[in-house]
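We number each residue from 1, following the sequence as shown.
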Amino acid sequence: MALNYISAAEAASLIKHGYNIGLSGFTPAGTAKAVTAELAKIAEAEHTAGRPFQVGIFTGASTGDSCDGVLSRAKAIRYRAPYTTNTDFRKAVNNGEIAYNDIHLSQMAQELRYGFMGKVDVAIIEACEVTEDGKIYLTAAGGIAPTVCRLAERIIVELNAAHSKAAMGLHDVYEPLDPPCRREIPIYKPSDRIGSTYIKVDPKKIVGVVETNWPDEARSFAASDPLTDRIGRNVADFLAADMKRGIIPSTFLPLQSGVGNIANAVLSALGHDKTIPPFEMYTEVIQNSVIGLIREGRIKFGSACSLTVTNDCLQGIYDDMDFFRDKLVLRPSEISNSPEVVRRLGIISINTAIEADIYGNVNSTHIGGTRMMNGIGGSGDFTRNAYISIFTCPSVAKEGRISAIVPMVSHHDHSEHDVNVIVTEQGVADLRGKSPKERAQAIIEHCVHPDYKNILWDYLKLTDGKSQTPHAIQAALGMHAELAKSGDMRNTDWSLYA
């Protein structure tokens, strides 16, 4: 059947108050832009007229400002899941204006299929090509697109000329069966392909194709600096030493790395450490640094859910697709982040913490225990199932007024049972095989900033010192209380809790 080409405004008019919308994309890569921007205008007009207009939004991860940003400012979002990074969205969540559900990214698609979050009324999918027989070729990310296409009553396709048709063939689209019929996901090395290069839908469900030319709203990250370089070097030295003593195979193991400037510094250090052989990645996002290392031959293959790269880097990939075609694959998030596959492949996971406590518990989502930052993302998918799970962070923040290592985390995302290694610019705490008290000694000695070492040693003196996990419960959040009171954790006075 012939495709129905419509404007973004016409497409947005098909979405009604109370609908749930499923989006393609994972980070700003590959997500809806034109239709959601027009949807914000509808919401503003309806609100001006005194009528309600809000929708629920299901995504693979974060989106760009033309989605989360404009819809948050238009107060058009009732419910949203999972991960996000938009500043205006974050403000709305922390002001209690949006019901935000922070979900492990590997679980998002299956929880939709299970019916946990209601039906998907409309899917908005960005594509580099769509055919009359219902083949949708995605752009720079997989996300939850296959699932929302299957569940949605209607599909709107944003056919985006900013993405080259060279992206056709980059994807490996695969949906597992639901229990009790689920089988193993047959990925045994990062380069294995198990699905198709497109999403196949009933063409009758495609109610409109919107032609756009809208580049991804790519985020650029700060350049590395001496602090992030030290963290990267500490991670590289630790892994090189583990390989030398036979803990890691001499061929090395696939890596997963989070997003941001620390992740880029870590990958740069690993990529340029000649004692570490060329390696593969099985991760959720690929950043600029990975593409550079693939070009240099230091990374042999990259499996991910998203090309979270700058637009010039993405164009370079499209221009050199003959080179990259057998070195990159993009998967749906429930496959890129599959705990089953992570455990099988022996992934080394490297993620960023907001804070960690002296026993190895990690907070990766909340500032001060109550204010959402971004969400857990895929860090839990990898951490719990990794061959070695590593968390990195600077030892202090806000010019030293905040210690990233505290007696007890103010919000708990990753338990001590899942965290193997903590790395700051100060050093490395290897927590494997250690009791809680031994972990506390290693973390304070190797990872804590000098301004806070005595403060944390003194905290331990408040405890009975005998318990399996010694805590002075009345003082456990004392450093956070001091920060709220004086703005500087260094002023903590434990005598107030004695």
Side-chain angles (χ1 to χ4, degrees), residues 3-17 19-46 53-77 80 84-86 88-89 120-131 135-145 148-149 152-165 167-168 199 201 205-219 306-308 310-311 314-315 318:
L3 297 170
N4 180 32
Y5 288 85
I6 60 177
S7 70
E10 289 171 321
S13 71
L14 301 174
I15 298 169
K16 307 303 180 184
H17 169 65
Y19 273 19
N20 288 327
I21 304 168
L23 302 177
S24 64
F26 192 96
T27 73
T31 197
K33 305 171 183 67
V35 177
T36 49
E38 291 295 329
L39 192 64
K41 296 177 184 178
I42 292 174
E44 290 169 345
E46 289 295 287
F53 191 93
Q54 287 191 316
V55 296
I57 298 180
F58 308 134
T59 71
S62 58
T63 69
D65 188 71
S66 58
C67 184
D68 279 342
V70 297
L71 292 173
S72 296
R73 294 191 290 273
K75 301 188 183 305
I77 305 175
R80 166 80 161 79
T84 183
T85 57
N86 183 268
D88 291 313
F89 179 91
V120 181
D121 296 288
V122 178
I124 309 174
I125 307 298
E126 183 180 85
C128 66
E129 183 62 286
V130 57
T131 65
K135 295 185 179 76
I136 300 174
Y137 293 85
L138 299 172
T139 59
I144 58 171
V148 295
C149 280
E153 295 182 356
R154 291 182 283 183
I155 299 171
I156 297 167
V157 176
E158 290 192 8
L159 185 58
N160 192 344
H163 289 277
S164 169
K165 287 182 172 53
M168 296 169 67
I199 300 172
V201 302
K205 290 174 61 170
I206 302 176
V207 295
V209 176
V210 178
E211 293 183 297
T212 74
N213 192 340
W214 197 320
D216 283 341
E217 294 162 337
R219 293 172 291 165
S306 167
L307 290 172
T308 305
T310 56
N311 287 320
L314 183 61
Q315 188 58 52
Y318 290 154

Any donor-acceptor pair under 3.5 Å linking the side chain of [X] with the backbone of [Y]?
| X | Y | value |
| --- | --- | --- |
| N160 | W214 | yes |
| T36 | S66 | yes |
| K205 | A152 | yes |
| E129 | Y137 | no |
| E38 | A11 | no |
| D121 | N20 | yes |

Out of curiosity, [X] [atom1] to [Y] [atom2], how far, rounded to the nearest 0.5 Å?
| X | Y | atom1 | atom2 | result |
| --- | --- | --- | --- | --- |
| L314 | L307 | CG | CG | 6.0 Å |
| I21 | R154 | CD1 | CZ | 11.0 Å |
| K16 | E46 | NZ | CD | 9.0 Å |
| R73 | D88 | CZ | CG | 4.5 Å |
| L71 | Q54 | CG | CD | 10.5 Å |
| I199 | S24 | CD1 | OG | 8.0 Å |

Handout entry: Over 12 foreign heavy atoms within 6.0 Å of NZ, K135
Key =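 Yes.
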Less than 4.5 Å apart, side chain to side chain, heavy atoms only: is that true for [X] and [Y]?
| X | Y | value |
| --- | --- | --- |
| T63 | R80 | yes |
| L39 | F53 | yes |
| I125 | V148 | yes |
| S62 | P28 | yes |

Would you name the heavy atoms of [X] and [Y] that are closest together and state the gap between them?
| X | Y | value |
| --- | --- | --- |
| A167 | C128 | CB-SG, 4.0 Å |
| L159 | V130 | CD1-N, 4.1 Å |
| V35 | A12 | O-CB, 3.8 Å |
| V120 | G22 | CG1-N, 3.8 Å |
| A74 | A40 | CB-O, 3.7 Å |
| I144 | G60 | CG1-N, 3.8 Å |

Exercise for the section: Dump the intermediate steps for side-chain contact (heavy atoms from CB on, under 4.5 Å) on N4 and I206, then the final yes or no. Expected result: CA-CA 8 Å; N4 180 32; I206 302 176; over 6 Å; no
Problem - Note: K41-E44 ion pair, threshold 4.0 Å (strictly below) - result: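 Answer for the salt bridge query: no.
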Exercise for the section: Take E126 and T139, measure what side-chain hydrogen bond (donor to acceptor under 3.5 Å, both in side chains) needs, and give me the verdict at the end. Expected result: CA-CA 7 Å; E126 183 180 85; T139 59; 2.6 Å; yes
Problem - Y318 and H163 aromatic ring geometry - parallel, tilted or perpendicular at 30°/60° bounds - result: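 Plane angle over 60°, so perpendicular.
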Handout entry: Passing candidate, side chain to side chain donor-acceptor pair (under 3.5 Å) with D68, options T85, T31, T84, T59
Key =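 Among the candidates, only T84 passes.
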Problem - Stepwise side-chain contact (heavy atoms from CB on, under 4.5 Å) check, V157 with I136 - result: CA-CA 8 Å; V157 176; I136 300 174; 4.0 Å; yes
